[in-house]
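Below: one structure, written as structure tokens.
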Amino acid sequence: MARDPMDRARELAERGRYTTAPNPLVGVVVARDGKVIGEGWHARAGGRHAEVMALEACGGAARGATLYATLEPCNHHGRTPPCTDAIVSSGVSSVVIGHLDPDPRMRGRSVEILRDAGVEVTVVEDAVFARQNEQFFHLMSTGRPFVHLKLAMTLDGRIAASGGDSKWVTGEAARTRAHELRAEAGAVLIGARTARTDDPLLTARGLYEASAVTRVVLDPRLTLSAGSRLALSAREAPVAVFAREEALGGREGELRERGVEVFPAPRDGEGLDLGFVLDELGRRGLRGVLVEGGGETAGRFVAGGLVDKLTLFYAPKMLGSEGVPAVGALKAAHVSDASGFCVESVERLEEDVSLTLYPREAPCPEEEYVHRSG
Ligand SMILES: NC(=O)c1ccc[n+]([C@@H]2O[C@H](COP(=O)([O-])OP(=O)(O)OC[C@H]3O[C@@H](n4cnc5c(N)ncnc54)[C@H](OP(=O)(O)O)[C@@H]3O)[C@@H](O)[C@H]2O)c1
């Protein structure tokens, strides 16, 4: 039996998972009489849109065919011309759209434009397309990046040994997956102690031709060294540091000289206001942020109800109670106060195990969209 073209379009969209940030993943198939005549996907921001790629692949033979797109095509002049123009001039007679544009200002506009031009349009509007673009949909509906918390820990929930050493808790396969998650989100965030202890680079090293990952440090006392690997690489990939206003007025000069952006952030009790931080990252158009710890930072995001997705890598080891806890204080006096999650998937990664979860209050993922063309 022939593959459903929309299933194929979703599969094509996946090719951009680690390279499109901050743009959405989009896949497109052009088909006639059940036969695929063109395929396209969006690979990177500023690059060709999936619709244009698929129509070009048809080599002028798209007239009268049906175009299947996982997401509503664009209708505006951005870095590339509007896809609605390309669709209308290709002569396709019908378009099937997986999900309308999540941007409330754009939602449904392209459907109108295509219908006005005489193209028949069907909108499927299935949650599976929103799930494929969960980061982009979250940014469009909340103005904040999707927060994906990732922690690599021992069986007893430790992310580092007592002295702070964390190299390496998990094996090669889990670390490679963590780099994929960085590329997918387009931004990585850590607490100041991790920056001081590990002196990390936080890039998605050499794995993808993605746009550079933005590195974010929550550093209330502005302790990041101008000689740190983050500061020294700030001209290659952005580094943003959030510090308390009182901490500014001295050291930020040498950091800014290196290209580090330093933001004064308001306090929230003892800590920095994480809502402010996320609003600021959303204003920069970041669709996702991978929070990589340490434990105190993870705890603040969980306690604030700010985690949208959780990936835990468990190494078959124990470090005991002297080790650094994976999650800091949550002030749960009773089991009923616990932060709850539901499991989306469990995966073996060589010697380690990976768990992917969503907060309990979010709808747990349901498999799976099945679209049958008539
Ligand atoms: N295995 C892993 O996946 C993994 C990942 C990351 C880190 N680690 C390890 O974890 C250890 C560090 O973890 P940690 O829990 O001790 O510290 P951490 O979370 O890295 O950093 C905590 C510090 O970050 C700052 N901070 C973070 N969020 C804040 C907020 N909302 N408001 C105010 N300040 C905020 C504060 O800075 P000040 O201290 O300047 O006040 C706080 O003390 C290191 O040993 C590192 O190697 C392991």
Side-chain angles (χ1 to χ4, degrees), residues 147-172 174-179 181-182 188-202 215-225 228-230 240-248 251-252 255 262-281 289-307 310-319 321-331 349 352-355:
V147 176
H148 189 173
L149 173 61
K150 167 251 140 182
L151 293 165
M153 64 175 94
T154 58
L155 294 175
D156 53 341
R158 305 289 142 175
I159 55 170
S162 54
D165 172 39
S166 64
K167 288 194 179 67
W168 296 106
V169 173
T170 45
E172 192 70 38
R175 300 207 304 277
T176 300
R177 178 62 54 82
H179 281 206
L181 299 182
R182 287 176 181 173
V188 182
L189 180 149
I190 56 166
R193 201 169 303 130
T194 296
R196 293 193 291 264
T197 312
D198 296 0
D199 191 18
L201 201 51
L202 301 175
R215 287 86 47 86
V216 183
V217 185
L218 299 185
D219 190 9
R221 297 181 289 127
L222 200 60
T223 60
L224 185 73
S225 157
S228 62
R229 297 209 297 162
L230 282 173
V241 176
F242 289 86
R244 280 204 295 262
E245 252 163 64
E246 313 88 88
L248 303 187
R251 288 206 47 255
E252 71 272 20
L255 288 171
V262 181
F263 294 92
R267 300 173 76 120
D268 178 13
E270 285 302 290
L272 294 179
D273 182 341
L274 294 178
F276 173 89
V277 171
L278 292 176
D279 285 339
E280 187 57 45
L281 298 179
V289 61
L290 187 72
V291 175
E292 292 211 30
E296 190 178 327
T297 304
R300 289 177 188 271
F301 275 90
V302 174
L306 295 169
V307 174
L310 186 57
T311 295
L312 304 178
F313 298 114
Y314 281 100
K317 303 169 184 166
M318 291 191 188
L319 279 166
S321 60
E322 320 88 289
V324 178
V327 180
L330 294 182
K331 300 196 175 87
L349 289 170
D352 303 320
V353 174
S354 143
L355 265 186

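In this text, all values refer to a predicted model and were calculated from it rather than measured experimentally. Side chains are part of it too, since the values below use all heavy atoms of this structure and drop only hydrogens, waters and symmetry mates. Counting starts at 1 for both ligands and their atoms, following the listed order.
- The distance criterion of under 3.5 Å between nitrogen or oxygen atoms is met by E296 with respect to ligand 1.
- Shortest contact from atom 3 (O) of ligand 1 to any protein heavy atom: A152 N, 3.0 Å.
- Where the criterion is an N or O separation shorter than 3.5 Å, residue side chain and backbone included, G271 fails it with respect to ligand 1.
- Contact annotation for R193 and ligand 1: heavy atoms of both the backbone and the side chain come within less than 4.0 Å of the ligand.
- The minimum heavy-atom distance between V324 and A161, with the atom names listed, is CG2-O, 3.8 Å.
- Nearest protein heavy-atom contact of atom 31 (N) of ligand 1 is R300 CD, 3.0 Å.
- Ion pairing between E322 and R158 fails under the 4.0 Å rule for side-chain N and carboxylate O.
- Nearest heavy atom pair, residue A326 against residue L151, reads O-CD1, 3.5 Å.
- Proximity of T194 to ligand 1, defined as any heavy-atom pair under 4.0 Å, is shared by backbone and side chain alike.
- Listed by number with element, the atoms of ligand 1 under 4.0 Å from a non-hydrogen atom of L218 are 24 (O), 25 (C), 26 (N), 27 (C), 28 (N).
- Among all protein heavy atoms, the one lying closest to atom 44 (C) of ligand 1 is G164 O, 3.9 Å.
- With a 4.0 Å heavy-atom cut-off, ligand 1 is reached by the side chain of R196 but not by its N, CA, C or O.
- Looking at T194 and D198, their side chains never bring a donor and an acceptor atom within 3.5 Å of each other.
- Distances shorter than 4.0 angstrom occur between a heavy atom of D198 and an atom of ligand 1.
- Residue A160 has at least one heavy-atom neighbour below 4.0 Å for each of these atoms of ligand 1: 9 (C), 45 (O).
- Taking the six-membered ring for Trp and thresholds of 30 and 60 degrees, F276 and F242 have ring planes more than 60 degrees apart, a perpendicular arrangement.
- Contacts of E172 classified as side-chain hydrogen bond (donor to acceptor under 3.5 Å, both in side chains), with partners at least two apart in sequence or in another chain: R175.
- Put simply, the side chain of S228 never gets that close to the backbone of L224: no donor and acceptor are under 3.5 Å apart.
- Summary of contacts: the protein heavy atom closest to atom 41 (O) of ligand 1 is R221 NE, 3.4 Å.
- Residues I159 and S166 fail the side-chain proximity criterion, which asks for heavy atoms closer than 4.5 Å.
- Considering only non-hydrogen protein atoms, atom 33 (C) of ligand 1 sits nearest to L272 N, 3.2 Å.
- The heavy-atom pair separating A195 from V217 by the smallest distance is CB-CG1, 4.1 Å.
- Only side-chain heavy atoms of L274 come within less than 4.0 Å of ligand 1; its backbone N, CA, C and O stay farther off.
- The proximity of E292 to ligand 1, defined as any non-hydrogen pair under 4.0 Å, is limited to the backbone.
- For atom 36 (C) of ligand 1, the nearest non-hydrogen atom from the set P220, G191, A247 belongs to P220.
- Using a cut-off of 4.0 Å between Lys/Arg side-chain N and Asp/Glu carboxylate O, R221 and E246 are scored as not salt-bridged.
- Between A161, A298, A192, G163, it is A192 that holds the heavy atom closest to atom 23 (C) of ligand 1.
- The shortest N or O to N or O distance between L151 and ligand 1 is not under 3.5 Å.
- Nearest to atom 27 (C) of ligand 1 by heavy-atom distance, out of T297, V327, L306, T197, is T297.
- Within ligand 1, counting atoms from 1 as listed, the ones closer than 4.0 Å to a heavy atom of G295 are 13 (O), 14 (P), 15 (O), 19 (O).
- By the side-chain hydrogen bond (donor to acceptor under 3.5 Å, both in side chains) test, S225 is found to be paired with no residue, residues two or more places apart in sequence or in another chain being considered.
- Protein heavy atom closest to atom 10 (O) of ligand 1, with residue, atom name and distance, is I159 CD1, 3.3 Å.
- Screening L201, D199, L202, L255 for a side-chain contact (heavy atoms from CB on, under 4.5 Å) involving L230 leaves a single residue, L202.
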